[in-house]
Amino acid sequence: MYKRLLAVLVCVLVLSLSGLAASKSKKKAAASGAPDKAYLEKLMAGWSSADSANMAQYYDQGDYNFFDIAPLKYSNWGEYQKGVTELLKAYKGLQLTLNDDTQIHTDGNLTWTTSTVKEDALTAAGKHEMAVLRWTLIFEKQAGKWIIVHEHVSEPLQ
C-alpha cells in the first residue's frame, strides 16, 4: 500500500515539475521577443501591400532558400524579391489573412511557424482569385532581431 502511494506521489511530483518547466519555457520564449501571431499578421499585411522592397528588412540577405508558389525556389532574398515583384505586377489587389491554425515554436535563437493563409486577390485583368495557402517560416535571431532565413509558400492541389 505504501509503495502504491509513493508511486502516485512521485508521478504527481513529476507531472507538476514538467508542467512548471513547460510554462517557464513558454514565458522565456515570450520574453525573448520571439515572433508571435501579431508579428506574423504584420508580415501578411506587408505582403498584401504588394511592396516587396518594404519586406526586405524582415529577410536575411544571404544565400538562403525561399520557396514560393512559382518558381520552385529562390536561392537568396535578391532573387526572391525580384521574382515576387514580377508576380505582384499581375494583381490590382491582394489580401492575405492568417487562418486560426497558426503554430509558433521557439527554441533558443530559432523560431519556426506554420499556418494556412487565406488569399483574396484581384488580378490586373479583373479576375477574382481565392485560395488557401500553406506558409512556413524559420526565423533566426541575429543581432537582437528576428530575421527570416527560410520561407515556404505553397498551394495544395485541389
Side-chain angles (χ1 to χ4, degrees), residues 18-19 21-158:
S18 66
S23 66
K24 281 186 179 180
S25 67
K26 287 180 184 177
K27 288 178 184 175
K28 182 180 176 186
S32 71
D36 57 10
K37 189 169 181 182
Y39 189 74
L40 298 178
E41 288 169 341
K42 179 179 177 179
L43 294 173
M44 284 288 95
W47 281 118
S48 293
S49 76
D51 185 357
S52 62
N54 283 337
M55 299 305 294
Q57 64 184 314
Y58 302 107
Y59 289 80
D60 190 291
Q61 305 300 302
D63 291 331
Y64 290 94
N65 287 335
F66 300 102
F67 297 106
D68 208 334
I69 294 170
L72 177 63
K73 77 173 184 175
Y74 299 98
S75 297
N76 56 52
W77 169 251
E79 287 180 9
Y80 193 24
Q81 183 177 10
K82 182 179 176 186
V84 171
T85 299
E86 287 302 311
L87 176 73
L88 292 173
K89 288 180 182 178
Y91 292 91
K92 284 184 186 177
L94 175 64
Q95 181 64 44
L96 300 168
T97 308
L98 283 182
N99 290 322
D100 291 336
D101 59 355
T102 300
Q103 293 186 5
I104 302 170
H105 308 277
T106 299
D107 187 7
N109 287 334
L110 293 176
T111 294
W112 59 100
T113 70
T114 62
S115 188
T116 57
V117 174
K118 176 184 166 191
E119 174 206 8
D120 190 353
L122 182 63
T123 69
K127 181 182 174 193
H128 186 229
E129 290 182 353
M130 293 187 74
V132 176
L133 309 172
R134 300 177 189 108
W135 190 41
T136 302
L137 296 168
I138 300 174
F139 293 86
E140 181 179 41
K141 193 170 189 179
Q142 299 176 2
K145 186 175 178 187
W146 289 94
I147 300 294
I148 299 167
V149 295
H150 177 75
E151 181 173 36
H152 182 117
V153 179
S154 61
E155 183 176 5
L157 295 175
Q158 302 297 332

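Nothing fancy with the numbering, it's 1 onward along the sequence.
The backbone N or O of G33 sits nowhere less than 3.5 Å from a side-chain atom of K141 that would complete a donor-acceptor pair. Under a 3.5 Å cut-off, the side chain of D107 and the backbone N or O of L110 do not form any donor-acceptor pair. Not one N or O on the side chain of D120 forms a donor-acceptor pair closer than 3.5 Å with the backbone of Q95. Remark: side-chain polar atoms of N76 are paired, donor with acceptor, to backbone N or O of G78 under 3.5 angstrom. Proximity of a side-chain donor or acceptor of Q61 to a complementary backbone N or O of Y59 within less than 3.5 Å is detected. No donor-acceptor distance shorter than 3.5 angstrom exists from the side chain of T102 to the backbone of S115, with no hydrogens or angles considered.
Here the closest non-hydrogen pair linking L43 and M55 is O-CE, 3.6 Å. In plain terms, the two heavy atoms of V149 and Y64 that are nearest each other are O-CB, 3.0 Å. Considering every non-hydrogen atom in both N99 and V117, the closest pair reads ND2-N, 3.6 Å.
A donor atom on one side chain and an acceptor atom on the other are found under 3.5 Å apart for E151 and W135.
Under the 4.0 Å criterion applied to side-chain N and carboxylate O atoms, K89 and E86 are assigned as salt-bridge partners.
Looking at heavy atoms from C-beta onward, L137 lies in side-chain contact with L40 at the 4.5 angstrom threshold.
Sparse packing is recorded around NZ of K42, with 12 or fewer heavy atoms of other residues, nucleotides or ligands lying under 6.0 Å away. D100 CG: 12 or fewer foreign heavy atoms inside a 6.0 Å radius.
Results of the side-chain contact (heavy atoms from CB on, under 4.5 Å) test with W47 over L94, V84, N54 single out V84 as the only residue that passes.
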